[in-house]
Student: 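Next up is a structure, given as structure tokens.
Everything quoted here is computed from the prediction, not taken from an experiment.
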Amino acid sequence: MAYLFFLYLYRALSTAIIAFYSFFSIYFLATSDWTDRMGQAWFNASVSSLNLFQVVMERYLHLNIIWDNVIVPWLLLPVWAAIIIFIIIGVIKLWVLRLIFQKIL
């Protein structure tokens, strides 16, 4: 019984991860050009979410180092490069999730 639960949980999580990254890629490609900067594409798509993300990162979580050294360089990348990085991160998440569930089962 536990095996089926973890199997369905793995399938649901992997589907959610794939759906999130697919939606993200399609949304930003539809609202911008391939050569636009990721920050500009995000700004064009939703100004308030970009602002909220920065405020939460810097003001409430006090993660200025991550904002300045990770997020800002990512926002300066072209949209196509940022999406490729997101896809690679998604594949790594799926691989780690698979390893975790293999150890459980």
Side-chain angles (χ1 to χ4, degrees):
M1 190 65 156
Y3 174 78
L4 287 176
F5 172 75
F6 285 115
L7 180 66
Y8 287 127
L9 182 62
Y10 169 73
R11 286 185 181 171
L13 288 175
S14 59
T15 303
I17 290 171
I18 291 170
F20 171 74
Y21 286 110
S22 299
F23 173 76
F24 174 83
S25 302
I26 291 168
Y27 183 73
F28 278 108
L29 285 177
T31 59
S32 64
D33 187 24
W34 280 87
T35 57
D36 285 348
R37 301 281 180 212
M38 187 63 209
Q40 184 64 43
W42 192 352
F43 182 83
N44 292 341
S46 176
V47 178
S48 59
S49 67
L50 177 60
N51 187 24
L52 178 66
F53 184 64
Q54 182 181 9
V55 167
V56 168
M57 289 287 290
E58 290 184 338
R59 212 176 291 166
Y60 298 114
L61 298 177
H62 304 290
L63 297 174
N64 296 340
I65 294 171
I66 292 176
W67 178 262
D68 293 335
N69 297 325
V70 177
I71 306 297
V72 170
W74 180 75
L75 290 172
L76 294 175
L77 288 174
V79 171
W80 64 268
I83 288 174
I84 289 174
I85 290 172
F86 242 54
I87 290 170
I88 291 170
I89 291 170
V91 168
I92 291 170
K93 282 182 179 180
L94 286 174
W95 180 70
V96 168
L97 189 64
R98 182 174 179 218
L99 289 177
I100 289 170
F101 279 107
Q102 280 180 347
K103 290 190 186 240
I104 290 173
L105 301 175

Student: Quick one: list whatever passes side-chain contact (heavy atoms from CB on, under 4.5 Å) with Leu52, sequence neighbours left out.
Tutor: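 By the side-chain contact (heavy atoms from CB on, under 4.5 Å) rule, Leu52 matches Val56.
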Student: Before giving the answer on side-chain contact (heavy atoms from CB on, under 4.5 Å), spell out for Gln40 and Val79 the whole-Å C-alpha distance, their side-chain angles and the decisive distance to 0.1 Å.
Tutor: CA-CA 9 Å; Gln40 184 64 43; Val79 171; over 6 Å; no
Student: Would you say that Arg37 contacts Pro78 through its side chain, given a criterion of any heavy-atom pair below 4.5 Å between the two side chains?
Tutor: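 In short, these two side chains touch, coming nearer than 4.5 Å.
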Student: So Trp42 and Phe53, would you call those rings parallel, tilted or perpendicular, with 30° and 60° as cut-offs?
Tutor: tilted
Student: Is Tyr60 linked to Trp67 within one hydrophobic cluster, defined over Ile, Leu, Val, Met, Phe, Trp and Tyr using a side-chain heavy-atom separation of less than 4.5 Å?
Tutor: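 Linked, Tyr60 and Trp67 end up in one cluster.
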Student: Only counting residues at least two apart or in another chain, list the ones meeting side-chain contact (heavy atoms from CB on, under 4.5 Å) with Val70.
Tutor: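 Partners of Val70 under the side-chain contact (heavy atoms from CB on, under 4.5 Å) test: Ile66.
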Student: Please list, chain by chain and in numerical order, all residues satisfying side-chain contact (heavy atoms from CB on, under 4.5 Å) with Asn51, sequence neighbours excluded.
Tutor: Val55
Student: Would you say Leu99 ends up clustered with Ile92 if hydrophobic residues are merged whenever their side chains have heavy atoms under 4.5 Å apart, either directly or through other cluster members?
Tutor: yes
Student: In chain order, what residues pass the side-chain contact (heavy atoms from CB on, under 4.5 Å) check against Val47, with sequence neighbours excluded?
Tutor: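 Here the qualifying residues are Phe43.
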Student: Let me confirm one number: the CD1-CD1 distance from Ile84 to Ile89, rounded to the nearest 0.5 Å.
Tutor: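 It is 12.5 Å, given to the nearest 0.5 Å.
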Student: What are the two closest heavy atoms between Glu58 and Asp68, and how far apart are they?
Tutor: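 Answer, listing the atom of Glu58 first, then Asp68: OE2-OD1, 4.2 Å.
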Student: Between CE of Met57 and CG of Leu63, what distance do you get to the nearest 0.5 Å?
Tutor: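 Those atoms lie 5.0 Å apart.
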